[in-house]
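What you are looking at is a predicted structure, and each value in this text was computed from that prediction instead of being measured.
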Amino acid sequence: MQNFADPSENPSREHALAVEILVWLSGEPELLNRFSALTGINIGELRALSQSPGFESAMIGFIAGHEPTLMAFCHDCKVKPETVSYAWQKLEYGGQVD
């Protein structure tokens with residue numbers, strides 16, 4: 001049974017999506033290197049990044065910002081592009097998405 005009072009046990013949908021993106025990227029060395037080059041985040045720092053406040057924005061923004069990467073991720077992980085777009089908009093606009 002999940003403990004709903006502990007946020008670390010109940011990550012947000014955006015956090016869960018960001019983790020899924022990170023896992024997917026770990027199997028895509030070229031894209032992982034591109035992510036590192038664009039963000040300046042060392043690949044060895046990714047584990048620490050997953051615990052930082054900007055994690056969701058970094059991961060979802062990377063995928064949402066490049067349509068071929070978005071479509072590859074969505075295809076491989078069976079995620080609708082609209083799900084990524086909604087999550088990105090929610091992060092960008094502070095939860096105010098209509």
Side-chain angles (χ1 to χ4, degrees):
M1 184 172 180
Q2 288 184 335
N3 178 358
F4 291 98
D6 183 356
S8 66
E9 295 294 323
N10 249 337
S12 69
R13 289 181 178 152
E14 292 77 24
H15 187 79
L17 179 59
V19 169
E20 188 171 5
I21 292 168
L22 177 57
V23 170
W24 179 76
L25 278 178
S26 70
E28 302 289 333
E30 286 182 30
L31 288 174
L32 192 56
N33 287 332
R34 182 173 178 267
F35 173 81
S36 180
L38 290 172
T39 63
I41 297 169
N42 182 307
I43 293 172
E45 299 170 333
L46 287 174
R47 182 174 291 209
L49 173 68
S50 70
Q51 302 302 314
S52 73
F55 172 66
E56 292 89 358
S57 291
M59 302 284 28
I60 295 170
F62 175 74
I63 294 294
H66 188 248
E67 188 174 356
T69 303
L70 169 66
M71 299 312 291
F73 166 76
C74 290
H75 176 268
D76 292 350
C77 296
K78 310 293 187 256
V79 173
K80 292 181 181 180
E82 298 84 19
T83 300
V84 177
S85 177
Y86 180 82
W88 177 238
Q89 289 176 28
K90 186 174 176 186
L91 289 168
E92 282 294 294
Y93 299 108
Q96 304 298 319
V97 179
D98 292 325

Inset, instruction - Hey, could you give me the NZ/OG distance between Lys90 and Ser85, rounded to the nearest 0.5 Å? - result: 13.5 Å
Inset, instruction - For Ala18 and Phe55, work out which heavy atoms get closest and say how close. - result: CB-CE2, 3.3 Å
Inset, instruction - Mind jotting down which residue pairs meet the ring pair (Phe, Tyr, Trp, His ring centres under 6.0 Å) criterion with at least one end in residues 29-50? Sequence neighbours excluded, please. - result: Phe35-Phe62
Inset, instruction - To the nearest 0.5 Å, tell me how far Tyr86 OH sits from Glu14 CD. - result: 7.5 Å
Legend entry - Spacing of Glu30 atom CD and Leu25 atom CG [to the nearest 0.5 Å]: 12.5 Å
Inset, instruction - Before giving the answer on side chain to side chain contact (heavy atoms under 4.5 Å, CB included), spell out for Thr83 and Arg13 the whole-Å C-alpha distance, their side-chain angles and the decisive distance to 0.1 Å. - result: CA-CA 10 Å; Thr83 300; Arg13 289 181 178 152; over 6 Å; no
Inset, instruction - Might you point out which heavy atoms bring Gly61 and Trp88 nearest each other, and give the distance in Å? - result: CA-CZ3, 3.3 Å
Inset, instruction - Provide the full list of side-chain hydrogen bond (donor to acceptor under 3.5 Å, both in side chains) pairs with a residue in residues 33-43, sequence neighbours left out, each pair given once. - result: none
Inset, instruction - Run through Ile41, Leu49, Ile43 and flag the one making a side chain to side chain contact (heavy atoms under 4.5 Å, CB included) with Glu45. - result: Ile41
Inset, instruction - With rounding to the nearest 0.5 Å, note down the distance linking CD1 in Ile60 to CD in Gln89. - result: 11.5 Å
Legend entry - side chain to side chain contact (heavy atoms under 4.5 Å, CB included) assessment of Leu17 paired with Phe73: CA-CA 11 Å; Leu17 179 59; Phe73 166 76; 3.9 Å; yes
Legend entry - Listed once per pair and sorted, the side-chain hydrogen bond (donor to acceptor under 3.5 Å, both in side chains) pairs that draw on residues 68-80, sequence neighbours left out: Trp24-Asp76, His66-Thr69
Inset, instruction - List for me each residue that meets side chain to side chain donor-acceptor pair (under 3.5 Å) alongside Ser57, sequence neighbours excluded, and say none if there are none. - result: none
Legend entry - Nearest-0.5 Å distance that lies between atom CD1 in Ile63 and atom SG in Cys77: 8.5 Å
